[in-house]
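Let me begin by presenting the structure, written as structure tokens, before commenting on it.
Counting from 1, the numbers follow the sequence of the chain as shown.
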Amino acid sequence: MPLFLPIKQKSLLNCWRRMPNTLKIGGIIMTAYVLVALSAHLWVPYKANKLMVGPPFSPPSVQNWFGTDQLGRDVFSRVALGTQVDLVLAITATTIAILIGGGLGLAMGYLRGWIDDTVMRFIDMLISVPPLILALLILSGLGSSHILLVLTVGILFAPRIVRTARGAALSIVSQNFIVEAKSRGESVGSIVIREILPNAMGPLLVEFAIRSGFAVVTIGSLGYLGFGVKPPTPEWGLMISESRNAIIPAPWTVIFPGIAIAILVMALNLTTDGLSRILGHGTGPKK
């Protein structure tokens, strides 16, 4: 065994040691979920929608680790393959929310004045409406598809991100490097993207992690209520909805998708806590 480690490897080890334990645990769990999402199709024993791989509502066994559902489909395969569906939908919806809410919030924090007041009153009105109810109204009126689902969830989460981004921008706009950028005649877009955004990345990253957890729960809830993705897609909320009438005779059909959602949300919460501890102290302007 070598007596010393390369400098880069030492720095990586030091970074790992300095990380909050919540970020370590959350990061490990999230890495596992991503690996499952990327590789599940290579190693699951059955295709997600293959029927009668065993008798309907068979309990967990060597052949079917998580048992089978009402159509004799393998619950383990569907839960594993559903990881990609839920992760892609949640991350896409959260990215849309960050792009819309973050961009608008940073711009309002910089512009201020009557434009800021008008927009923020409209944002307050949107925040007062429960997101799930508004999502149900939109999806029941326009129909349901993967694209519409992520757009709806992303747009509904955006108002809460506007507040965070605006608060971060307000703490930055009075600093000298913003005044210098104004004096150079830079446009509003240039100042927001090149000067304010890099210094607001900490709060936005934390907000991304928070909203990702909410997105997982919201998409699962919409799937459970029949307004999310459509059968036979192996989405966890939809799987719970399809098996809810069999929760007493075949609880495994509901428990395992529910556990998958719970662990993913827990991992995102731990990651959020770790990121907030690291990024919550501010690091000055990034030029």
Side-chain angles (χ1 to χ4, degrees), residues 15 23 87-129 131 134-135 138 142 145-215 218-219 268 271-272 274-287:
C15 288
L23 183 56
L87 275 182
V88 169
L89 291 177
I91 291 174
T92 304
T94 307
T95 301
I96 292 171
I98 287 289
L99 291 175
I100 296 173
L104 183 60
L106 294 178
M108 291 304 101
Y110 172 73
L111 292 173
R112 292 174 287 184
W114 69 268
I115 297 179
D116 175 40
D117 291 337
T118 303
V119 171
M120 291 311 298
R121 297 298 75 74
F122 179 70
I123 293 298
D124 291 340
M125 181 182 67
L126 290 178
I127 290 175
S128 67
V129 181
L134 197 51
I138 294 172
L142 300 179
S145 67
H146 286 193
I147 294 175
L148 184 59
L149 177 62
V150 297
L151 283 174
T152 300
V153 175
I155 291 170
L156 292 180
F157 283 174
R160 289 163 173 78
I161 297 173
V162 170
R163 277 186 169 180
T164 301
R166 177 178 175 272
L170 288 174
S171 66
I172 296 169
V173 293
S174 60
Q175 297 191 31
N176 291 334
F177 66 96
I178 299 294
V179 177
E180 293 172 4
K182 288 181 181 178
S183 65
R184 292 195 299 267
E186 293 188 23
S187 65
V188 173
S190 176
I191 293 175
V192 169
I193 294 173
R194 297 177 57 187
E195 308 293 344
I196 298 177
L197 177 59
N199 294 282
M201 284 303 295
L204 289 179
L205 283 173
V206 173
E207 195 68 20
F208 184 91
I210 293 172
R211 297 303 157 193
S212 295
F214 282 118
T218 302
I219 290 169
L268 287 166
T271 303
T272 300
L275 285 174
S276 63
R277 292 186 186 187
I278 291 176
L279 302 173
H281 299 291
T283 56
K286 300 182 179 84
K287 296 296 288 176

Please report, to 0.1 Å, the donor-acceptor pairs under 3.5 Å made by any side chain of residues 152-170, with sequence neighbours excluded.
{"from": "Thr152", "atom 1": "OG1", "to": "Leu148", "atom 2": "O", "distance (Å)": "2.7"}
{"from": "Arg160", "atom 1": "NH2", "to": "Ile127", "atom 2": "O", "distance (Å)": "3.2"}
{"from": "Arg163", "atom 1": "NE", "to": "Asp124", "atom 2": "OD1", "distance (Å)": "3.4"}
{"from": "Arg163", "atom 1": "NH2", "to": "Asp124", "atom 2": "OD1", "distance (Å)": "2.8"}
{"from": "Thr164", "atom 1": "OG1", "to": "Glu207", "atom 2": "OE1", "distance (Å)": "3.2"}
{"from": "Arg166", "atom 1": "NE", "to": "Asp116", "atom 2": "OD1", "distance (Å)": "2.8"}
{"from": "Arg166", "atom 1": "NE", "to": "Asp116", "atom 2": "OD2", "distance (Å)": "3.1"}
{"from": "Arg166", "atom 1": "NH2", "to": "Asp116", "atom 2": "OD2", "distance (Å)": "2.8"}

Distance-only check: which donor-acceptor pairs under 3.5 Å involve side-chain atoms of residues 92-113, not counting sequence neighbours?
{"from": "Thr92", "atom 1": "OG1", "to": "Val88", "atom 2": "O", "distance (Å)": "2.6"}
{"from": "Thr94", "atom 1": "OG1", "to": "Ala90", "atom 2": "O", "distance (Å)": "2.7"}
{"from": "Thr95", "atom 1": "OG1", "to": "Ile91", "atom 2": "O", "distance (Å)": "2.7"}

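Residues Thr272 and Ala209 share a closest heavy-atom pair of OG1-CB, 3.0 Å.
The main-chain N or O of Ser187 is never found under 3.5 Å from a side-chain atom of Ser190 such that the two would form a donor-acceptor pair. The main-chain N or O of Glu180 is found under 3.5 Å from a side-chain atom of Ser183 such that the two form a donor-acceptor pair.
Considering CD of Glu195 and NZ of Lys182, their distance stands at 11.5 Å, rounded to 0.5 Å. Taking CG of Leu151 as the start and NE2 of His146 as the end, the distance is 13.0 Å to the nearest 0.5 Å. Taken from CD1 in Ile196 to CD in Gln175, the straight-line distance is 10.0 Å, to the nearest 0.5 Å.
Leu197 places none of its side-chain heavy atoms less than 4.5 Å from the side chain of Val192.
Residues satisfying the side-chain hydrogen bond (donor to acceptor under 3.5 Å, both in side chains) test with Ser145, not counting sequence neighbours, are none.
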Might you work through the side-chain contact (heavy atoms from CB on, under 4.5 Å) test for Phe208 and Leu275, ending with a clear yes or no?
-> CA-CA 10 Å; Phe208 184 91; Leu275 285 174; over 6 Å; no
Could you go through the side-chain contact (heavy atoms from CB on, under 4.5 Å) check for Ile210 and Phe214 one step at a time?
-> CA-CA 7 Å; Ile210 293 172; Phe214 282 118; 3.5 Å; yes
